[in-house]
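Residue numbers start at 1 and run along the sequence shown.
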Amino acid sequence: MFKKDDIVIAGVSGGADSVCLLFMLLELKKEIGFSLLAVHVNHGIRGKAAEADEVYVRELCRKQEVKLKVYHEDVPHYARVHKLTEEEAGREVRRRCFREAVKLSGGSRIALAHHENDNVETLLFHLCRGTGLKGLGGMEPVNGRWIRPLLCAGRGEIECFLEMREISYCIDETNMDHRYTRNYIRGEIIPGLEKHVNAESVRHMAQAMEKLRNLAGYMQRELVDYEKKCVGRQQDEIILYKKEYEKVPEELREYLLHNVLCMAAKKKKDIEQIHIRILDDLMKRQTGRSADLPYGLKAKRCYEGIILCRGEGAVVLAKDDWERLFQMRIFENMAKEITFPENPYTKWFDYDIIKNTVKIRHRQPGDYITINKAGGTKKLKQYFTDEKIPQNQRDAIWLAADGSHILWIVGYRQNQAYQITDKTKRILEIVFYGGKKDGGDS
């Protein structure tokens, strides 16, 4: 992880984990001789509590004679602008600050305070969402310039380390809020496993993840030769050759397809198991068939195999299109009686029951809509068929989506499951400026 000439950037929030990291790095600095810079990010969320954390970190670094760079960020605003949860926004903002600190200081390593329990939370989170072998390996101790020196230590060991040395730290009260997914896993799921299944559950899962990371690394090395034979490029298109693909062992095929999708999308996020299945299924179909994939990708079955290219309609709106066609806002429901907007291109939804970041996009495989108050659902494809919407128009219809659950088929139907009631506390309003005011929307 460290070399003598490294400049190590350490993220220090003031919590137990990051304080432990700082003291551990100070000990290693004496032995190895690298330089150390601490970075603290004030997220602009917790008011006076966040200010107190910043004061604590400043004083701690002053006493330990560690250089400190403090960033003040408005994470709630960033989350609204980029349509992210505050958890997601906070992670992105922190990483941006760390990268900036690296650039300014000439840093070579970024040390994060993730520990064994954090990694197990990541494993459980990945398992519940659906993941492949790499996701089962959790976080890596070393990933390029990003390092996690505490990944082998449990939360209990960290707290014991600080207690024995009488080192104080800050407590973030938001960590007790189980509305956040990670906090629920941390506060409910893992303690339950340790109490009712095995007291060493965390350690055993961490050991299993290490084995899975090693296995994933081996699989990736095995894939290199297959990729060279299976995958080709023609201008902006990627071709997956059928004859060579069929020579790939079945156990490796899904990993090959995942790599190809990430290569075509130039991103890894949101590439899921269902997209891999779609691609594998398409290879077995006749020439001329096609499928829509994330990031505006379209897969087309051809004589040679499958061509991956950019489709005519992007999955997520470009910034200019977003600002031109749609507007979203969230507001408190203060009215005793609900009066719905008269404009058919302005829709209200119960914001508190939305599970994911709402995206404005075109259709994707697996999309469905709730069509009645009893909870009856219908696949989007079937809805289009029932409404006799021509095939050549379906890809152009805008959708407001909560994952695969469609909130609104713009110009056609609103989801019954997200309707606001007298119990609704917060309302999400979506306005579409591309529709006719006198149009009808059921």
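- With salt bridges taken as basic N to acidic carboxylate O contacts below 4.0 Å, none links Glu254 and Arg277.
- By the 4.0 Å N-to-carboxylate-O rule, Asp352 lies too far from Lys425 to be salt-bridged with it.
- With no hydrogens or angles considered, a side-chain donor-acceptor pair links Tyr78 and Glu92 at under 3.5 Å.
- If you check the side chains of Ser13 and Arg94, you find no donor sitting under 3.5 Å from an acceptor.
- When only modelled atom types and interatomic distance are considered, Asp17 and His115 share a side-chain donor-acceptor pair under 3.5 Å.
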(Q) Walk me through whether Arg203 and Glu116 qualify under salt bridge (Lys or Arg N to Asp or Glu O under 4.0 Å). (A) CA-CA 7 Å; Arg203 184 57 49 89; Glu116 198 172 62; 2.7 Å; yes

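- Here CG of Asp172 is found 3.5 Å from CZ of Arg46. Values are rounded to the nearest 0.5 Å.
- At least one side-chain heavy atom of Val19 sits less than 4.5 Å from a side-chain heavy atom of Tyr56.
- Between Leu293 and Leu308 there is a side-chain heavy-atom pair separated by less than 4.5 Å.
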Q) Can Ile306 and Ile238 be said to form a side-chain contact (heavy atoms from CB on, under 4.5 Å), step by step? A) CA-CA 8 Å; Ile306 291 175; Ile238 291 176; over 6 Å; no

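- Between Leu123 and His126, the closest side-chain pair of non-hydrogen atoms is not below 4.5 Å.
- Contact of the Arg182 side chain with the Thr122 side chain is registered, since non-hydrogen atoms from C-beta on lie closer than 4.5 Å.
- Atom CZ of Arg186 sits about 12.0 Å away from atom CG of Leu124, to the nearest 0.5 Å.
- For Tyr71 and His40, the ring centers are positioned 6.0 Å apart or more.
- Using modelled atom types and a 3.5 Å distance limit, the side chains of Asn259 and Glu227 yield a donor-acceptor pair.
- Going from atom CD of Gln64 over to atom CG of Leu22 covers 6.5 Å, rounded to the nearest 0.5 Å.
- The list of side-chain hydrogen bond (donor to acceptor under 3.5 Å, both in side chains) pairs with a residue in residues 99-113, not counting sequence neighbours, reads Asp6-Ser108.
- Under a cut-off of 6.0 angstrom, the local environment of NZ in Lys378 is crowded, with over 12 non-hydrogen atoms contributed by other residues, nucleotides or ligands.
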Q) Could you walk me through whether Trp408 and Gln414 pass the side chain to side chain donor-acceptor pair (under 3.5 Å) check? A) CA-CA 4 Å; Trp408 183 21; Gln414 182 177 0; over 6 Å; no

Q | Evaluation steps, side-chain contact (heavy atoms from CB on, under 4.5 Å), between Arg213 and Leu133 | A | CA-CA 8 Å; Arg213 281 197 300 274; Leu133 185 59; over 6 Å; no

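- Between Glu188 and Asn183, the side chains place no donor N or O within less than 3.5 Å of an acceptor N or O (distance only, hydrogens not considered).
- Checking Asp402 against His405 by side-chain atom types alone, no donor-acceptor pair falls below 3.5 Å.
- Contact of the Trp398 side chain with the Ile360 side chain is registered, since non-hydrogen atoms from C-beta on lie closer than 4.5 Å.
- The line from CG of Asp292 to CZ of Arg363 is 6.5 Å long, rounded to the nearest 0.5 Å.
- Defined by atom type and a distance below 3.5 Å, a donor-acceptor pair is present between the side-chain atoms of Glu54 and His72.
- Residue Glu59 qualifies as enclosed at atom CD: its count of foreign heavy atoms under 6.0 Å is above 12.
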